Amino acid sequence: MAALLLVLGSGAMLAGAFGFQVFGGLAPCELCLWQRWAHAGAIAGGVLALALSGRPRGGALALGVLALLAGVGIAVFHAGVEQEWWEGLASCGGGGGNAATVEEMLTAIEQAPLVRCGDIAWSFLGLSMAVWNAVVSALLAGVVGFVATRRR
């Protein structure tokens with residue numbers, strides 16, 4: 001059950017993030033992408049735990065929960081950047097991608113949407129996506145941890 005919660009919960013979070021990007025036109029900043037990687041790690045931990053069905057899988061579940069908690073940390077850092085409590089990353093904004101030449105890099109930079117980590121692109125009930133991600137990820141980590149450690 002805990003493994004399935006990891007996969008479905010983080011999968012829903014990733015689906016939502018991609019939905020905002022594809023259908024809502026909200027390009028992700030560097031910290032948004034890092035938060036997505038945390039959910040991918042949580043999914044990987046859940047999938048590994050599901051694959052270990054019938055064997056000890058507490059380690060895989062722990063890795064998934066740790067990935068979620070890392071995502072909480074990234075999201076809290078991101079929210080602090082949005083609130084100007086501290087500076088963001090130098091990499092927030094456009095980038096050259098996998099350009100092979102200087103000309104290709106300049107073209108990629110010019111065509112990439114400039115997304116600053118400190119800009120709040122969307123909010124609900126006064127909370128940004130970064131804050132919602134922190135809240136939901138922390139709740140998901142707590143629920144998965146509770147379900148994984150309860151006695152049957």
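The first residue of the sequence shown is numbered 1, and numbering continues consecutively from there. Please read these numbers as outputs of a predicted model, since none were measured by experiment.
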Fill in: Which atom of Ala121 lies closest to which atom of Leu26, heavy atoms considered
CB-CD2, 4.0 Å
Practice prompt. Drop me the distance from Ile74's CD1 to His39's NE2, to the nearest 0.5 angstrom.
Written response: 9.5 Å
Practice prompt. Check whether Leu69 and Val144 end up in the same hydrophobic cluster, where Ile, Leu, Val, Met, Phe, Trp and Tyr are linked by side-chain heavy atoms less than 4.5 Å apart.
Written response: yes
Practice prompt. Following the transitive rule for hydrophobic clusters with a side-chain heavy-atom cut-off under 4.5 Å over Ile, Leu, Val, Met, Phe, Trp and Tyr, establish whether Met1 and Val47 coincide in one cluster.
Written response: no
Worksheet item: Should the pair Trp86 and Phe77 be assigned to parallel (<30°), tilted (30 to 60°) or perpendicular (>60°) ring geometry?
Response: parallel
Fill in: Heavy-atom pair of closest approach, residues Ser10 and Leu68
OG-CD2, 3.4 Å
Worksheet item: Stepwise, does the side chain to side chain contact (heavy atoms under 4.5 Å, CB included) test hold for Cys29 with His78?
Response: CA-CA 10 Å; Cys29 71; His78 191 181; 3.5 Å; yes
Worksheet item: Do Leu140 and Leu48 belong to the same hydrophobic cluster, where Ile, Leu, Val, Met, Phe, Trp and Tyr are linked whenever their side-chain heavy atoms lie under 4.5 Å apart, directly or via other members?
Response: no
Worksheet item: Ala42 and Gly64: which non-hydrogen atoms are nearest, and at how many Å?
Response: CB-O, 3.6 Å
Worksheet item: Hey, any chance Leu8 and Leu14 share a hydrophobic cluster, counting ILVMFWY side chains that come within less than 4.5 Å of each other, even indirectly?
Response: no
Worksheet entry | Asn133/Arg36 under side chain to side chain contact (heavy atoms under 4.5 Å, CB included): CA gap, chis, key distance, verdict | CA-CA 10 Å; Asn133 186 31; Arg36 291 180 187 189; over 6 Å; no
Fill in: Joint hydrophobic cluster, Leu5 plus Phe146, side-chain heavy atoms closer than 4.5 Å
yes
Worksheet item: Taking all non-hydrogen atoms of both residues, which atom of Gly46 and which atom of Ala3 are closest, and how far apart?
Response: O-CB, 3.6 Å
Item to complete: Examine distances only and state if a side-chain atom of Trp132 and a backbone atom of Phe124 form a donor-acceptor pair shorter than 3.5 Å.
Response: yes
Worksheet item: What closest approach, in Å, do Ala49 and Leu61 show between heavy atoms, and which atom pair accounts for it?
Response: CB-CD2, 3.7 Å
Worksheet entry | Shortest non-hydrogen contact between Val65 and Leu6, atoms and distance | N-CD2, 4.3 Å
Discussion item. Once rounded to the nearest 0.5 Å, what's the spacing between atom OG of Ser137 and atom CD of Gln35?
Written reply: 7.5 Å
